[in-house]
Amino acid sequence: MSEFTPNVPERPSLDGLELKWAARWEESGVYRFDAPGDRSAVFSIDTPPPTVSGSLHVGHVFSYTHTDVVARFQRMRGKHVFYPMGWDDNGLPTERRVQNHFGVRCDPSLPYDPDCTYPEPLAKKGERPLVNLSRRNFVELCEKLTEVDELAFEELWRRLGLSVDWSMTYMTISRRVQRLSQLAFLRLVRNGEAYQAEAPTLWDVGFQTAVAQAELEDREHPGAWHRIAFHAPGGEKVFIETTRPELLPACVALIAHPDDERYQGLFGSTVTSPVFGVPVPVLPHPAAEQDRGAGIAMCCTFGDMTDVQWWRELKLPARTIIGRDGRILPEAPAGLDGAEGREAYASLAGATVHTARERVVAMLRESGDLDGEPRKVVRPVKFYEKGDKPLEIVSSRQWFIRSLSHQDALLDRGAELEWHPAYMKARYDDWVRGLNSDWLVSRQRFFGVPFPVWYPLDEDGEPVYAEPIVPGEESLPVDPSSATPPGYDEGQRGRPGGFVGDPDVMDTWATSSLTPLIVCGWESDPELFAQTFPMDLRPQGHDIIRTWLFATVLRSHLSEDAVPWRHAALSGWILDPDRKKMSKSKGNVVTPMHLLEQFSADAVRYWAASGRPGTDTAFDEGQMKVGRRLATKLLNASKFVLSIPEPAAGAEVTEPLDRAVLDLLDDVVAQATAALEAFEYTTALEVAERFFWLFCDDYLELVKPRAYADIGGDAGRESARLALRTSLSTLLRLFAPFVPYATEEAWSWWHTGSVHAESWPTSAGGGDASSAELVALATTAISAVRKAKSDAKQSMRAPVEKVRVLGPREQLDRIGLIAEDIRAAGHVGVVEFDATTEALRFEVTLPE
RNA sequence: GGGCGCGUAGCUCAGCGGAAGAGCACUCGGCUUACACCCGAGCGGUCGCAGGUUCGAACCCUGCCGCGCCCACCA
């Protein structure tokens, strides 16, 4: 480029930049990953695949921007940035959305219909009966809907300016990912790290599926304490207290602490439950707390996890009374043998837990075994995080991945990671230390990756779970509900001596925990894998440390004997102005596309970049306005610098002010680089921004007359022109990761290539202190002149008769170096110096 | 109950051992050959509280108060 006046528009604007540049970036492939053949030249990012179940919100925009800033920085540093995007379309949210959207329901017993005509979306809820679909048809419909969602997501991400390589996009429900997920699972089965077991499991009666420890949350739930009498053989009453009287027929023991003096005489004896008349032992166990309730608890199968512990450790019988639908089972459990007890139970059969509770309380009241009235309490109860009814515990057969036996190794893996911010590691450590069961990965749902397993049926038609049939790896992915296992034909499905497919699907996390393996080409592209794994960065929310982060570390540990990445960057929440977490349910979400349209992508990115790693950040349109101003200013400042003729060949930066400013900028580059290397993008933006405003407000004003050649002669003019272009080039590159559109636009006015493919500015080591001081002196001087004009309510263009500079000799000497710039910029007649022993000050004399 | 983080200007936040900072808001002024979607000047703070360490503390230590989050318990 050697044109004097580059291609600068008359009135630069942010409007329309997104569409213009997003299209050109796609065309030119500037963000395309090309494998360099060398792991050290790659920066690979394990981007979170957003759940495709509706819409992205500002929280997504916030955290994905952080990652993009880092990606762009690394790219400019010369790294081959491996930055794919995925969509998590697996799981409950999609299932639920499809059911509501199309008015359908999955019936796994139906056969697959290859010519199915799918229903149109419902115009309004309940306008027609639900349409039943086979599992495979249901899954196809899910895929249809998620495709549409994914396009909308991609459009938003492109507009935001994420420098993702869109040619590598993956979907967690795709055949490729299903294959990989099943393959990884079968490998775990083979080496004993995945197993199935029949055990009491936390169960959501609404969704009718088992849930894992990581998916629990506590909610305040109203209940009541009931004081209930059991009967000892001698006729005396033993009172227990419970919030779940409906579990009385499931009671298998009373438990008190071994040291509790009140119950010493009862240990080993048998008491009889009221109403149901079931004899149960009174047993000691250290998990019983003396100062809680009556100090003696009724152990039921199962009211809570302590019941499970007692049941297991004291080898108690199981008296299950709650079914998977949350209702009381029709058949009374073994042990409930008395006629009266059976009659009482019959009155509960089929009732919901809530109704059963009322009936049991009524019966207790009638028999006189309810002591006093129930006392209402609100106490925390375990819920499935997506559910709306308290969890029950039912016994069921489930698949688990071993994690308890790897606790120490997982803590070591956590220590291998660099955490940003560092204190987030504590959450991981807490979680790993607090694990109380292996990872339950099976879900009794439909839309997800099926377990690639069948079971032979014995002559009675009962599955032989101990001898699962697995497919060959080459046949993956398989859906055992429609595929036939090796050695069988389809006619044997469900028949004695035949087979049955595992009906369950894997939990979403069981697949998304494999994202590093999915994107890096595990078991499919060894060359790519060698260049990208272990990955450099996992960015994610701090709320899913116990799920996604933990599970990914576990799977990588089991599969690759390695950490999945070197750095984990945890982003915070977006808080609404009331300091609450922004969420859809609170109805306070602002749609991201609207924000991008209103403020521009650069502005929204600027706001996002103001949130430090791990820190919850307020949603702040004010910050977006500031960002918009910055981006506009970059365009205008660029226009101005480029409107000044290019420096002549052989020009040199000779003027003290010019040298000092470049020195200062060099220091800014050093600071910004160090900050970005440590994922402290906010600090990088701050130092760049502080310099930029000083550059615009003070340096540009001071240097204008010289650059226009009004003063200073040839050398001064060329020095100014060279310093201006040099600064602008550096500044545009410094801001490119943050405001990619404005910087690209301005860059395009005087360069042919993309700024995002340029190299990151390098620092010569930072300026010395005297440069910073000289710039500070220049700022102080020009401010003093401005203040005088401002106090006199005059225009900045108004002439100044005289400026007297008073202060220490050394400072006067330094100001002397830049006095001519100050004089010209301030429209000052003469500048005089008077050495004193006092602090530096300026006397500004305006004309009469 | 355990852990983590945070309390600095009206608001959003930097600063984390050497003279209290920025932006926004507010007040006053200015069409200045890049930008009026702009520019300039100004107002504004017992750095949560109380002790301690230090020549020196917003910063380090101890205790307390308040807010948020994570985990556990849930008879």
Side-chain angles (χ1 to χ4, degrees), chain A residues 8 10-15 216-218 220-221 223 225-228 240-244 254-256 287-300 303-307 377 379-382 421-431 433-434 436 542-543 545-546 572-573 575 577 579-581 607 610-612 614-623 625-630 632-644 682-683 686-687 689-690 693 696-697 700-701 704 708 710 782-798 825 827:
Chain A
V8 182
E10 194 52 40
R11 290 187 64 82
S13 164
L14 298 176
D15 297 333
L216 307 181
E217 69 181 28
D218 284 356
E220 292 295 315
H221 197 67
W225 283 106
H226 302 73
R227 189 170 156 86
I228 296 173
I240 59 102
E241 295 198 22
T242 180
T243 55
R244 305 223 33 199
L254 298 191
I255 316 267
E289 293 176 37
Q290 303 190 42
D291 52 0
R292 177 173 230 132
I296 186 164
M298 128 177 129
C299 173
C300 305
D304 61 30
M305 292 312 283
T306 314
D307 284 346
V377 289
R379 81 276 189 233
V381 173
K382 279 195 196 319
Y423 60 73
M424 285 295 176
K425 177 172 181 291
R427 296 199 185 183
Y428 172 85
D429 290 346
D430 284 357
W431 176 254
R433 289 200 190 95
N436 58 30
H542 59 57
D543 54 322
I545 288 174
R546 67 175 180 170
W573 295 115
L575 307 174
R579 307 257 74 190
K580 298 205 181 76
K581 183 197 157 198
W607 159 74
S610 71
R612 309 184 103 80
T615 307
D616 293 347
T617 301
F619 176 76
D620 187 355
E621 295 196 348
Q623 275 296 101
K625 285 182 190 157
V626 174
R628 188 175 172 86
R629 209 158 63 97
L630 172 70
T632 307
K633 193 81 168 178
L634 276 166
L635 294 178
N636 280 312
S638 299
K639 178 190 164 193
F640 169 68
V641 170
L642 296 176
S643 74
I644 291 168
T682 302
T683 304
E686 264 172 20
V687 296
E689 201 185 1
R690 194 180 311 130
W693 287 105
C696 289
D697 295 341
L700 286 185
E701 297 304 324
K704 249 182 213 177
Y708 282 138
D710 294 343
I782 196 73
S783 292
V785 173
R786 286 169 179 159
K787 180 165 168 54
K789 294 181 186 180
S790 192
D791 287 349
K793 300 192 194 295
Q794 294 204 0
S795 152
M796 288 303 126
R797 202 179 43 173
H827 305 277

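Naming convention: chains lettered A, B, ... in sequence-line order (proteins, then strands); numbering from 1 in each chain.
- Contact of the A/Leu630 side chain with the A/Val626 side chain is not registered, since no non-hydrogen atoms from C-beta on lie closer than 4.5 Å.
- In terms of position along RNA chain B, the nucleotide closest to A/Tyr423 lies nearer the 5' end than the nucleotide closest to the other residue of the pair A/Tyr423 and A/Glu241.
- We find that A/Arg628 and A/Asp15 are joined by a salt bridge, their nearest charged nitrogen and carboxylate oxygen being less than 4.0 Å apart.
- Within 4.0 Å (heavy atoms only), A/Ala287 reaches at least one base atom of the nucleic acid.
- Rounded to whole Å, atom C1' of B/rG40 lies 9 Å from atom CG of A/Asp697.
- Close to B/rA34, at under 4.0 Å from its OP1 or OP2, lies no side-chain N or O of A/Ser638.
- Counting any heavy atom pair closer than 4.0 Å across all strands shown, A/Ser13 reaches no nucleic acid atom.
- Counting non-hydrogen atoms under 4.0 angstrom, A/Leu700 reaches a base of the nucleic acid.
- Phosphate contact (OP1/OP2 of B/rA34, side-chain N/O of A/Tyr708, threshold under 4.0 Å): present.
- Distance A/Leu575 CG to B/rC67 P: 16 Å, rounded to the nearest Å.
- Residue contacts shown for A/Lys625 are absent, as no nucleic acid heavy atom lies under 4.0 Å away.
- Inter-residue side-chain proximity for A/Asn436 and A/Met305 is flagged as unmet; no heavy-atom pair is nearer than 4.5 Å.
- As rounded to whole Å, 11 Å separates atom C1' of B/rU33 from atom NZ of A/Lys639.
- At B/rC70, none of the side-chain N or O atoms of A/Arg427 fall inside 4.0 Å of OP1 or OP2 (strictly under the cut-off).
- In this structure, A/Thr615 reaches neither bases nor backbone, as no heavy-atom distance under 4.0 Å exists between it and the strands shown.
- Within 4.0 Å (heavy atoms only), A/Cys696 reaches at least one base atom of the nucleic acid.
- Contact between A/Met298 and A/Arg244 at its shortest, heavy atoms only, is CE-O, 3.7 Å.
- Among the nucleotides B/rA41, B/rG68, B/rC39, the one closest to the side chain of A/Ser783 is B/rA41.
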Inset, instruction - Give the B/S/- string for nucleotides 24-29 of chain B, one per nucleotide from 5' to 3', where a protein heavy atom under 4.0 Å of the base yields B, of only the sugar-phosphate yields S, and otherwise -. - result: S---SS
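- Residue contacts for A/Trp607: at a heavy-atom cut-off of 4.0 Å it reaches no nucleic acid atom on any strand shown.
- Residue A/Lys787 is in sugar-phosphate contact alone, with no base atom involved, counting any heavy-atom pair closer than 4.0 Å across all strands shown.
- Relative to the six-membered ring of A/Trp693, A/Arg629 meets both conditions, a distance below 6.0 Å and an angle of at most 45° to the axis.
- Heavy atoms of A/Glu689 sit nowhere under 4.0 angstrom from any nucleic acid atom.
- Residue-level contact check: A/Ala798 touches neither bases nor backbone, having no heavy atom under 4.0 Å from any strand.
- Atom CZ in A/Arg612 sits about 23 Å away from atom P in B/rG68, given to the nearest Å.
- Within the structure, every side-chain polar atom (N or O) of A/Lys704 is placed at least 4.0 Å from both OP1 and OP2 of B/rU32.
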Inset, instruction - Go through the steps to decide whether A/Lys633 and A/Cys696 satisfy the test side chain to side chain contact (heavy atoms under 4.5 Å, CB included), and finish with yes or no. - result: CA-CA 9 Å; A/Lys633 193 81 168 178; A/Cys696 289; 3.9 Å; yes
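- Side-chain contact between A/Ile782 and A/Lys787: absent, with no pair of heavy atoms (C-beta onward) separated by less than 4.5 Å.
- Contact record, A/Glu701 with A/Ala825: O-CB, 3.4 Å, taken as the closest heavy-atom pair.
- In this structure, A/Arg11 reaches the sugar-phosphate backbone alone: every heavy-atom distance under 4.0 Å involves primed, P, OP1 or OP2 atoms, never a base.
- Atom CG in A/Asp791 sits roughly 8 Å away from atom P in B/rG42 (whole-Å rounding).
- Remark: the A/Asp218 side chain and the B/rC73 base include a donor-acceptor N/O pair separated by less than 3.5 Å.
- Consecutive Watson-Crick or G-U pairs involving RNA chain B, each under 3.5 Å on both distances, make up stems of three or more pairs at B:1-7 with B:65-71, B:10-13 with B:21-24, B:26-30 with B:38-42, B:48-52 with B:60-64.
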